[in-house]
Every structure is written in structure tokens, then in C-alpha cells.
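The structure displayed is predicted, hence computed values, not measured ones. Both counts, for ligands and for their atoms, begin at 1 and track the order of listing.
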Amino acid sequence: MARRDLIALSRTMSHALRHEPWLYELELDAEGWTPVEALLAALRAERNDWADLAASDFAEVIRTSAKRRFDLEGGRIRALYGHSVPGKLERTASTPPERLYHGTSPDALDAIRRAGLQPMRRQYVHLSNTRADALEVGRRKHREPVILLVNAAEAAKNGVAFYAGNDKVWLADRVPWQFIAIDG
Ligand code: HQG
């Protein structure tokens, strides 16, 4: 599949598996999984050039993407993070690295100072392992994003739950400002 088509497919997979599965007649289980065949059936009907879509196309999306967004295993598929579906998915809290990063717009800073990092429209706050990744995430919101350094070890010690997303992304419940510093 051409790179452009892989990106379009990945976007639609994200929409179906993170946000509005019901539009594709999909049901996600408690951990966000749905049968590969069900997603294939829905997407084949979505676009003429997806009429021959196969599980190998999902595998190609995963293999060629810089970010690991999906798990494909045992005839099932799920998004690893980013969900906004109602009903929090079941996740097991685990010990985060000492520090995590979050890139955001300077316009959000006052609100974050007051309310902490909130999940907003998603189920969890999304944090990056590296400053470089946070910068990239923040650039989706502003040309010159603010980078926040999250003292994850201290937050975890004080009861904030963290969950592994993929190799670059950690998820958390609300992170109060007391565990956050501005890192440029
Ligand atoms: C901000 C992409 C006001 C927060 C990325 C962020 C990521 C607040 C925005 C993943 C706030 C939410 C998620 C508060 C937080 N008041 N604004 N109290 N607390 N915010 O897009 O983290 O490419 O839902 O700073 O790589 O930017 O889709 O979250 O700017 O991993 O796979 O509210 O999405 O991955 O924005 O990005 P988002 P995010 P994919």
C-alpha cells in the first residue's frame, strides 16, 4: 500500500478503535480488543479501494508507522492509547520511569497550573518518555510548545496511577501541578 494510503487507513483505524467504534458496528471488550474480521468487514465497506483489505494491511500499518498505535494478536486488534470511548478500559497500573514529559500549547499553561494535567477528551493524560517526543506531540498544538517535566516517581509515590501505553507513551490519571515543572 502507498504511504499516503497507509496513513489514511491508520487514521480510520484510530477513529474506530479509540473514539467511535459504534459507527463501524464494533464492540470493544474491556481491554479495547475487537475481532480483526469485524474491523475488516467495516472498513471494506468504507471505501472502494479498501474492498480487498486484509489483516496484512493492518500489520503493514503497524510495521511502517513511527509510533506503535495498535496491537494485533490472535485474531484481535486494539488501539494501545488515545481512547475517548465512554467507559474506561481496564488497565493495570505500573511503575513509571522517574521522569516523563508532556508537550503542550503555551495557551493551556494557566489552566494546567490550576487544574493539573487532565485527560480532557481522552480517558487518560498522555505523557512521553523523552523530551524530543513531547516536543513532537506539542507541535500538534502550537509552533513553539511548552515542555512540562513530570516527576512521575514522586507522583506515583503520592497515589497518581500510571499505565504503560507503548514504548514511547505513558498514560496517567490527572497529574496535579505539584509534580510538574516547566522544562522550556
Ligand atoms: C491539554 C497523539 C487545559 C494537554 C500524541 C493537551 C499523544 C489541558 C490537550 C496522544 C489541561 C489534550 C495524546 C488542563 C491538559 N487545561 N488544557 N487542565 N490538561 N491539557 O490531543 O497529550 O498520533 O487529547 O496539554 O502523540 O496532546 O494520535 O492529548 O494539549 O501520544 O497516535 O489538553 O495523541 O498520538 O490534547 O496527545 P490531546 P495529547 P497519535
Protein contact to atom 9 (C) of ligand 1 [nearest heavy atom, distance to 0.1 Å]
K141 NZ, 3.7 Å
Charged N to carboxylate O below 4.0 Å: is that the case for K157 and E154?
yes
Say whether E136 and ligand 1 are in contact under the criterion: heavy-atom distance to a ligand atom below 4.0 Å.
no
Within the 4.0 Å heavy-atom shell around V137, which atoms of ligand 1 are there?
5 (C), 26 (O), 27 (O), 37 (O)
Under 4.0 Å to a heavy atom of A115 - the qualifying atoms of ligand 1, by number:
18 (N)
Tell me: protein heavy atom nearest atom 19 (N) of ligand 1, and distance?
Q118 N, 2.9 Å
Under 3.5 Å, is there a donor-acceptor pair linking the side chains of H83 and Y124?
no
Residue and atom name of the nearest protein heavy atom (relative to atom 23 (O) of ligand 1), distance in Å to one decimal
K67 NZ, 2.7 Å
R122 to Y81 six-membered ring, cation-pi geometry met (6.0 Å, 45°)
no
Is there side-chain contact between H142 and P106, with heavy atoms separated by less than 4.5 Å?
yes
Atom CD of E20: over 12 foreign heavy atoms under 6.0 Å:
yes
Report the nearest protein non-hydrogen atom to atom 37 (O) of ligand 1: residue, atom name, distance rounded to 0.1 Å.
R140 NH1, 3.3 Å
I need the nearest protein heavy-atom contact for atom 24 (O) of ligand 1: residue, atom name and distance, please.
R122 NE, 2.7 Å
With heavy-atom distances below 4.0 Å as the criterion, list the atoms of ligand 1 near Y81.
31 (O), 32 (O), 35 (O), 40 (P)
Which atoms of ligand 1 sit under 4.0 Å from any heavy atom of R69?
23 (O), 32 (O), 40 (P)
Heavy-atom nearest neighbour in the protein, as seen from atom 20 (N) of ligand 1, with distance rounded to 0.1 Å
M120 CG, 3.7 Å
Ion pair present between D183 and R131, side-chain N to carboxylate O less than 4.0 angstrom?
yes
Tell me the contacting part of R114 for ligand 1: side chain, backbone, both, or neither, using a 4.0 Å heavy-atom threshold, strictly below.
neither
Hydrophobic cluster membership, W177 vs V125, 4.5 Å side-chain cutoff:
yes
Is there a side-chain contact between V169 and R68, using heavy atoms and a 4.5 Å cut-off?
no
Note: ligand 1 atoms sitting under 4.0 Å from heavy atoms of G116 are 14 (C), 18 (N), 19 (N)
among protein heavy atoms, the one nearest atom 10 (C) of ligand 1 is H126 CD2, 3.8 Å
Could you check whether D173 pairs with K88 (Lys NZ or Arg NE/NH1/NH2 to Asp/Glu carboxylate O, under 4.0 Å)?
yes
Nearest neighbour in protein (non-hydrogen) for atom 30 (O) of ligand 1:
T104 OG1, 3.1 Å
Quiz item: cation-pi between R44 and W50, 6.0 Å / 45°
no
If we number the atoms of ligand 1 from 1 as shown, the ones under 4.0 Å from a heavy atom of R18 are 28 (O), 32 (O), 40 (P)
